[in-house]
Amino acid sequence: MKYDYKSIEAKWQRKWEESNAFAAHNDYSKPKFFALVEFPYPSGNGLHVGHPRPYTALDIVSRKKRMQGYNVLFPMGWDAFGLPTENFAIKNHIHPRIVTERNVARFKGQLKSLGLSFDWNREINTTDPSYYKWTQWIFLQLFKRGLAYKKKMSVNFCTSCKVVLANEEVVNGVCERCGSEVIHKVKEQWMLKITEYADRLIDDLADLDFIEKVKTQQINWIGRSTGAEVDFKTTAGDTLRIYTTRADTLYGATYMVIAPEHEYIDRWKQVLQNYDEVLAYRDAAAKKSDFERTELVKEKTGVRLDGVRAINPITGLEIPIFVSDYVLAGYGTGAIMAVPAHDERDWDFAKKFDLPIIEVIAGGDVENAAFTDVESGTLVNSGFLSGLSVAEAKEKMISYLAENGIGMKKTNYKLRDWVFSRQRYWGEPIPLVFCEKCGWVAIPEDQLPLTLPDVESYEPTSTGESPLSAMTDWVNCTCPECGGAAKRETDTMPQWAGSSWYFLRYCDPTNDMALAAKEALDYWMPVDWYNGGMEHTTLHLLYSRFWAKVLYDIGVLSEKEPYLKRTSHGMILGENGEKMSKSRGNVVNPDDIVNEYGADTMRLYEMFIGDFEKSAPWNPQSIKGCKRFLDRFASLVDLAKGSGTSEALVRPMHKLIKKVTSDIDEMKFNTAIAAMMAFQNEVYENAAITCDELSVFAKLLSPFAPHLAEEVWEKMGNSGLVSLSDWPSYDEALTKDNTVEMPVQINGKVKSTVSLPIDADKEAILAAAKADERIAAAILGKSIVKEIVVPGKIINIVIR
RNA sequence: GCGGGUGUGGCGGAAUGGCAGACGCGCCGGUCUUAGGAACCGGUUCGAAAGAGUGUAGGUUCGAGUCCUAUUACCCGCACCA
């Protein structure tokens with residue numbers, strides 16, 4: 001059979017569509033499998049070859065599960081709100097809705113050409129009002145539970161996008177999206193209290209089947225640390241509270257530092273003799289961008305407060321207070337006790353400002369470097385703590401502080417609340433109004449969705465206000481509570497909103513009474529296997545876990561976690577080994593590959609390219625190998641004769657079924673394909689395969705190269721779709737050969753091999769080994785020290 | 001600096017502690033061709049060979065790419081979080 005991939009692929013894509021072959025069924029009695037890939041942001045560039053890698057991988061998993069009898073939900077949709085679309089719309093004077101429609105059509109066409117078995121009946125789009133109705137509804141639940149609040153705060157502001165960014169969107173002090181400088185700006189922002197869920201977001205990871213690096217990255221990002229808060233009295237007559245993880249070193253605290261933004265600077269205005277100098281330092285620190293702050297890590301700066309001193313609560317000694325930007329206002333209490341002997345930053349600062357360094361933990365040389373080892377040191381110069389280990393001393397000190405009312409145990413997190421407002425047009429409107437009398441009021445749920453109005457201009461304003469603010473007709477409204485005049489919130493939600501719950505909508509995508517029917521959620525959730533990029537670990541993945549927990553708390557979900565298993569794919573790099581990007585000019589368009597080689601070859605190559613979790617460079621030469629394999633597979637149709645099994649292929653076939661089955665489960669797609677290639681080579685060597693055997697082979701290949709597998713399945717006289725046939729089973733006994741080649745070692749070096757029946761016992765094996773010519777010669781005249789026989793594996797004779 | 005990961009032929013990569021280099025690319029030789037950047041067949045870690053060989057140095061073991069210790073290079077994430 002000639003492999004005419006173009007007609008074959010068109011034919012089977014049409015048949016799958018006509019028969020609705022991959023629809024998930026609402027038959028809740030069957031075992032289910034929910035496979036999820038991250039839905040794409042439909043950009044104007046179309047897909048590049050990186051997109052199909054995870055899609056194909058979970059398509060393979062889904063296709064196999066379907067054949068194994070599961071009711072499979074493998075859906076797709078569009079995460080379509082966001083800046084690039086809006087920016088494109090502004091530049092080209094086309095409404096972002098039109099741009100989105102266009103991009104979605106392009107993406108969908110590309111995805112369909114790849115033969116992915118998505119259930120297109122459940123397609124969703126985050127910009128669809130019937131979808132974002134429920135995004136808004138979830139926001140209102142957060143608002144009603146006090147998990148959404150408005151706060152005046154210093155935010156990250158991108159000077160180019162003119163938009164507020166979340167901490168997660170600032171990378172190395174610049175905008176993640178455009179690379180422009182990010183400055184601080186004080187604005188009123190809606191915030192989501194993700195910090196309230198910090199402990200659960202860490203603790204609930206324990207039972208999940210997530211790849212380890214995802215877990216550790218989330219744990220580090222949340223950054224839980226346990227320590228103590230301690231109150232220091234000051235000469236101004238008040239109390240300065242600090243946070244420390246090293247309460248054990250309190251005897252060594254020789255000065256204190258407060259952040260430039262610390263409120264006490266204003267409070268101490270009257271007593272500070274150098275108030276102007278302190279203020280100048282604060283202003284200078286505020287002007288620094290994040291980038292400058294991190295660049296200047298090495299050189300510590302600061303100003304000593306003249307006129308106020310603190311009293312070390314344990315030694316009673318007066319110590320100076322400094323203001324320095326190495327202490328962050330947003331973490332802990334914004335103030336620290338400095339222990340230069342046992343903290344590198346404090347040590348640097350103390351050296352620069354010539355402050356005393358008192359050793360309280362023996363084991364290092366504190367004159368030359370801070371001694372920070374908490375494992376080996378012993379407390380010294382520390383009164384009742386002297387002689388204790390660090391761990392013992394921490395505990396004892398914290399109890400002492402608590403008993404005397406000068407401190408307490410305290411847990412802190414690096415995680416901050418989620419900045420949830422964007423001063424942009426192309427996002428979900430926040431369904432709240434502000435009433436002078438009632439404050440912020442939720443729009444009644446039966447009035448959702450609050451639709452995005454059509455505006456003339458969606459340019460961001462230079463003042464940083466949302467484009468919606470110019471639409472007075474839309475902004476002015478009545479308060480749902482008192483009926484008085486009110487104004488709508490004009491900020492919109494960030495792009496992360498729609499993607500924080502989209503997997504739930506797939507369970508019941510057209511429901512207009514609820515985000516999904518409870519019955520559907522209880523059946524399909526949690527997601528059994530979720531694959532996505534590492535770049536979303538501390539963004540989308542964390543956010544959506546947070547929302548799922550809130551929905552669990554209000555009874556919408558019955559499980560506390562949304563995803564049972566999380567895996568991540570490696571990037572496909574350009575031919576030159578660099579990241580694929582437009583600017584590098586190394587982007588490969590999947591359409592070209594599909595055109596030249598066919599979708600099946602494209603799919604096969606993307607899976608064969610290497611370890612799924614590792615990145616791999618694109619190699620146009622290697623694609624040919626996959627094409628050849630399929631060409632030769634198609635030709636098997638002419639070779640196949642008769643029914644039943646052919647003697648030579650019985651064991652290879654059982655081995656292959658076992659290998660492909662387990663490799664798919666373990667995401668070892670590359671070795672599954674290699675095994676099929678090897679099997680095919682064997683068929684050609686023997687020049688014999690029956691129609692039944694080729695049909696089984698087609699089943700095994702069908703998740704990887706579904707179009708050609710269908711064609712061959714049909715040509716072999718089978719009815720129905722191979723995609724919906726039963727996954728083949730194997731006989732364990734037939735996955736092993738009758739005889740094995742066993743290597744024989746002398747002193748650990750292979751000298752010969754012997755061929756033996758699989759069930760030969762140790763004595764027989766050893767006898768056969770010793771009978772081998774080369775082995776007999778090697779042991780002649782030597783004394784045998786030891787004989788190791790591992791049946792089926794190896795023989796090692798140790799001689800002297 | 002902290003956390004995580006990775007080092008195997010010319011290349012992508014295989015190897016439950018048991019014959020290192022499966023499978024594929026590329027390359028070399030051949031067959032068929034007016035032709036070959038098509039197809040098919042054979043070969044291909046290095047070395048003429050003995051032998052050597054999985055970043056480097058040790059260790060455990062009858063046996064180590066795999067386990068342990070140290071070291072080095074590169075990649076990813078976080079980064080003054082007290």
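Letters A, B, ... mirror the listed sequences (proteins, then strands); counts begin at 1.
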Integer-rounded Å distance: B/C23 P and A/Asp663 CG: 15 Å
Between B/C23 and A/Asn670, is there an OP1 or OP2 to side-chain N/O distance shorter than 4.0 Å? no
Check nucleotides 61-66 of chain B against the protein and report each pair of N or O atoms closer than 3.5 Å, with its distance, or say if there are none.
unit_1: B/C62; atom_1: OP1; unit_2: A/Lys786; atom_2: NZ; d: 3.3
unit_1: B/C62; atom_1: O2'; unit_2: A/Asn796; atom_2: ND2; d: 3.0
unit_1: B/C62; atom_1: O2; unit_2: A/Asn796; atom_2: ND2; d: 2.6

Tell me the closest heavy-atom pair linking A/Ala57 and A/Phe669, and the distance in Å. CB-CE1, 3.6 Å
Rounding to an integer number of angstrom, what distance separates B/G24 and B/U44 when you compare their P atoms? 14 Å
Round to a whole Å and report the spacing from CG of A/Leu415 to C1' of B/G77. 16 Å
Using a cut-off of 4.0 Å on non-hydrogen atoms, how would the nucleic acid contact of A/Ser615 be classed: base, sugar-phosphate, or nothing? sugar-phosphate
Can you check the distance between B/C46 and B/G36, where both ends of the measurement are the P atom (answer in whole Å)? 28 Å
Under 3.5 Å, which N/O atoms of the protein pair with N/O atoms of nucleotides 69-73 of chain B?
none

Pull up the glycosidic torsion of B/G36 and say syn or anti, syn being anything within 90° of 0. anti
Is there a donor on the side chain of A/Lys213 or the base of B/C76 sitting less than 3.5 Å from an acceptor on the other? no
For B/A82, does either OP1 or OP2 sit under 4.0 Å from a side-chain N or O belonging to A/Tyr331? yes
